[in-house]
A.B. asks: 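I am attaching a structure below and will ask some questions about it afterwards.
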Amino acid sequence: MSYRYDYEVITEWISPGEKVLDLGCGDGSLLKHLVEVRQVQGYGVENDPDKLLACTRNGINVIQMDMEKGLAGFEDGFFDHVIMSLSLQAMHNTQGILAEMLRVGREAVVSFPNFGYWRHRQSILNGRMPVSESLPHQWFNTPNVRFFTISDFDALCEMNGIVVRERLAFDEGTLILDEPNFLASVAVYRLGRGN
Amino acid sequence: MIQPQSVGVVSPQRAHFAEPLALRSGGALPEYELVYETYGELNAARSNAVLVCHALSGSHHVAGHHADAPNSIGWWDNLVGPGKPLDTRKFFVIGVNNLGGCYGTTGPNSTNPATGKPWGAEFPFVTVEDWVEAQARLADRLGIERFAAVVGGSLGGMQALSWTLQHPERVANAVVIASAAKLTAQNIAFNEVARQAILTDPEFYGGHYYDHGVVPARGLKLARMVGHITYLSDDAMGDKFGRSLRHGKAIYSYDVEFEIESYLRYQGDKFAGYFDANTYLLATKALDYFDPAFAHGGNLSAALARATADFLVVSFSTDWRFAPARSREMVYALLHNRRNVSYAEIESDAGHDSFLLDDAQYHALLTAYFDRIKV
C-alpha cells in the first residue's frame with residue numbers, strides 16, 4: 001500500500017469518528033488509514049475505473065464522479081473534513097472545487113506540490129521543467145494542469161476569503177519552518193470558511 | 001483463480017405456502033407457490049446466502065441450464081457460477097420467480113382456488129414490497145436468517161433496495177444495479193404504452209383470454225417492442241442496425257425493410273410466444289408503484305433511514321431508462337444516513353441492457369465487491 005508523509009499530518013487533524021470525504025482518493029489508502037486509526041465514516045471520490053476497483057478491493061466506500069463538475073448532491077456542511085491530497089494541481093476548476101470543499105465540509109485539507117521549491121526553480125533556471133519526488137512526471141505526461149507555489153496558494157485563499165487555519169510545509173518528509181516557498185517541496189493546509 | 005465455469009445442470013424447486021400473504025393492494029393471496037433455484041451450498045453458519053432478484057421478464061432460472069434443455073441458459077449465467085463474480089464456491093445463491101409470474105410461481109395463469117379457473121384479471125396487484133415478503137418467507141423456509149447480499153438489476157434492484165427497508169436486519173449487503181428508487185414520469189409513460197398495447201388487444205378479453213384459448217400476442221409483442229427500444233441506447237442501436245435495409249434499397253412497403261424493424265418484430269414475436277400478458281401488466285405496475293419515499297413526503301433520505309446494509313450502487317452511462325441520475329439519488333440518500341455505500345457509473349454503450357452483459361470493468365467491480373463480503 002502506498003503511504004505518504006502528508007497522511008500523518010492529515011491524520012493529526014482528524015478527530016475520531018468524523019465524517020470524511022477524500023477527493024481523488026486513489027486506491028483509498030488514506031481513507032483506509034483514517035478508518036483504522038480514527039474510525040472515521042469515510043467516503044472517497046474517484047473517476048478512474050481502476051482506482052475505483054482498487055478502493056473496492058481495499059474495502060473503502062468510493063463514489064464515482066467527475067469532481068470538475070463540482071460536488072452537487074453532497075449536502076452543505078455534511079462532512080467534518082474534506083480532503084484533497086496531492087490532487088488540486090490536477091484539477092482545472094481550482095476555485096470551484098475549493099469553494100465546494102468548504103461548502104460540504106466544515107474544514108478542507110489540501111496538500112499540493114510546491115512549484116516554487118528551490119530544486120524546481122533550479123531546474124527551470126537550467127532550462128528544463130522540474131521532475132522530482134513531488135513532481136514525478138515529465139511535462140508531456142503529467143496529470144497536473146495547474147502549476148503554483150505556496151505563495152500563489154496563499155494569495156488565492158486571501159482573494160477568496162478562505163481562512164488558512166494551519167499550514168505545514170515539507171522538504172521530502174522534513175518539516176520546513178523557514179522560507180517554505182523556497183525550501184519546501186510539498187505543503188499541507190487546513191482551511192476554513194471566512195466570515 | 002479458476003477458469004469461470006457454469007453451475008451446470010440445475011433443477012427448479014417449488015415451495016408451497018399455506019399461510020395467506022397480505023398484499024399492499026388490499027387483499028391477500030390465500031395460498032401460493034414459489035418456484036426457485038439454488039446454486040452452491042448453504043454453509044453451516046447459514047451466512048453465505050445471496051438472493052438474486054429478477055427484473056421485468058426474468059425468472060428464478062438465474063444460472064446453469066435445465067437437463068432437458070441445454071440451451072436454456074440462466075439469464076444471469078455470466079454472473080453466477082464457480083469462478084464467476086458471484087462465486088458459487090463461496091456463496092449459496094437463490095433465484096425466485098416472483099408472485100404474479102408466469103414461470104411456475106403462482107400468477108395470473110395459475111388456478112384460482114375460489115373458481116377453479118385461471119386467475120386471469122382477478123389476480124391481485126402485487127408490489128415490490130409483496131415480492132420481498134414472499135421471498136422472506138422462502139428464506140425462512142430455507143433457514144436463512146440473514147442474506148450476505150441481496151442483488152438485483154432494474155426492477156430486481158428495487159427489490160434489493162426494498163429488502164433493506166422491509167427487513168434491514170436480514171441484509172448485510174445490497175447490490176442495486178441499473179435501478180431507481182422510483183420511476184420518472186417518462187419511465188411510467190413507456191410502461192403505460194406497453195400496457196395499452198396489451199389491454200386494447202381484442203384477444204385480451206379483459207385478462208380472461210385463457211378461457212378463450214387465445215393470447216393477446218399482438219399487444220404483448222408491441223409492449224416488448226417498446227420495451228426493447230428503451231433498453232438499448234441510440235448508439236448501440238445505430239451500431240448494431242444503423243439504417244441497414246434488407247433489400248439494399250427502399251421498396252416502399254410496410255413489410256420489414258430496415259433491419260431494426262426485423263429485430264424488433266423478431267424480439268416481440270419471440271417474447272409473445274412464451275411470456276404471459278397479465279404477468280407483464282402486473283410487473284409494469286409493480287415498477288410504477290415502487291416509491292419508498294412516497295410515505296415520507298417524497299423524502300428519500302428519510303425513507304432510507306431504516307436501511308443498515310452496506311450498498312453497492314451501479315449505473316451505466318448510456319442507460320436512459322434507468323439513468324445514472326436515478327442511482328445517484330439513492331447514493332446521496334444513503335450518504336445522508338451515513339451508510340456504507342459505493343457507487344460506480346460504468347462506461348458502456350449498451351444502454352439499460354448493460355446490466356445483463358459481462359463488461360470487464362463492471363464484472364471486475366462486482367467480483368471485488370463480492371470478494372470482500374465476509375461469510
Side-chain angles (χ1 to χ4, degrees), chain A residues 1 16-29 31-32 34-36 38-82 100 103-106, chain B residues 85 149 172-178 181 299-302 304 307-317 319 323-348 354 359-374:
Chain A
M1 189 197 298
E18 283 193 0
K19 285 178 283 186
V20 172
L21 183 66
D22 185 4
L23 302 175
C25 65
D27 66 0
S29 50
L31 276 175
K32 190 168 181 166
L34 291 174
V35 168
E36 280 163 8
R38 290 286 184 270
Q39 299 80 44
V40 300
Q41 179 69 22
Y43 300 89
V45 168
E46 258 303 337
N47 205 21
D48 178 331
D50 292 335
K51 290 175 179 167
L52 218 69
L53 196 56
C55 286
T56 306
R57 290 188 178 128
N58 266 328
I60 291 302
N61 294 318
V62 62
I63 292 163
Q64 185 170 15
M65 62 186 297
D66 177 4
M67 294 181 291
E68 293 281 5
K69 293 176 182 159
L71 303 175
F74 291 101
E75 296 167 53
D76 291 1
F78 183 77
F79 294 98
D80 297 296
H81 281 99
V82 181
E100 279 289 80
R103 176 181 69 79
V104 305
R106 185 169 53 77
Chain B
N173 291 272
V175 180
V176 181
I177 305 169
N299 184 337
L300 186 60
S301 296
L304 301 196
T308 55
D310 291 352
F311 281 79
L312 174 65
V313 179
V314 180
S315 72
F316 298 91
S317 57
D319 184 353
R326 301 284 80 72
S327 285
R328 275 186 233 119
E329 286 171 355
M330 289 186 271
V331 170
Y332 291 127
L334 291 165
L335 199 81
H336 176 88
N337 290 300
R338 304 184 63 162
R339 294 279 72 83
N340 285 318
V341 53
S342 285
Y343 170 62
E345 199 171 306
I346 308 287
E347 280 293 328
S348 162
S354 301
D359 174 89
Q361 186 198 330
Y362 167 46
H363 270 200
L365 182 75
L366 292 180
T367 300
Y369 193 82
F370 288 126
D371 274 355
R372 84 183 203 197
I373 294 177
K374 294 186 178 69

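Numbers restart at 1 for each chain; the letters A, B, ... are given by sequence-line order, proteins then strands. We use all heavy atoms of the structure for the numbers below, so side chains are in, but hydrogens, waters and symmetry mates are not. Since the structure is predicted, the reported quantities are computational estimates derived from the model, not experimental observations.
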A.B. asks: State which residues pass side-chain contact (heavy atoms from CB on, under 4.5 Å) with Ala181(B); sequence neighbours excluded, sorted by chain then number.
C.D. replies: Leu161(B), Leu300(B), Met330(B)
A.B. asks: Would you list the atom pairs in which one atom of chain A and one of chain B form a donor-acceptor pair under 3.5 Å?
C.D. replies:
from     : atom 1 : to        : atom 2 : distance (Å)
Gln41(A) : NE2    : Arg338(B) : O      : 3.1
Gln41(A) : NE2    : Asn340(B) : OD1    : 3.3
Tyr43(A) : OH     : Arg339(B) : O      : 2.6
Thr56(A) : O      : Arg372(B) : NH1    : 3.0
Asn61(A) : OD1    : Val341(B) : N      : 3.1
Asn61(A) : ND2    : Asn340(B) : OD1    : 2.8
Val62(A) : N      : Ser342(B) : OG     : 2.9
Val62(A) : O      : Tyr343(B) : N      : 2.8
Gln64(A) : N      : Tyr343(B) : O      : 2.8
Gln64(A) : OE1    : Glu345(B) : N      : 2.6
Ala72(A) : O      : Tyr332(B) : OH     : 3.2
Glu75(A) : OE1    : His336(B) : ND1    : 2.9
Glu75(A) : OE2    : His336(B) : ND1    : 2.6

A.B. asks: Let me know if Val331(B) has heavy atoms under 4.5 Å from chain A in its side chain, its backbone, both or neither.
C.D. replies: side chain
A.B. asks: Select, from Val341(B), Leu365(B), Ile346(B), the one with the greatest count of heavy-atom pairs under 4.5 Å involving chain A.
C.D. replies: Val341(B)
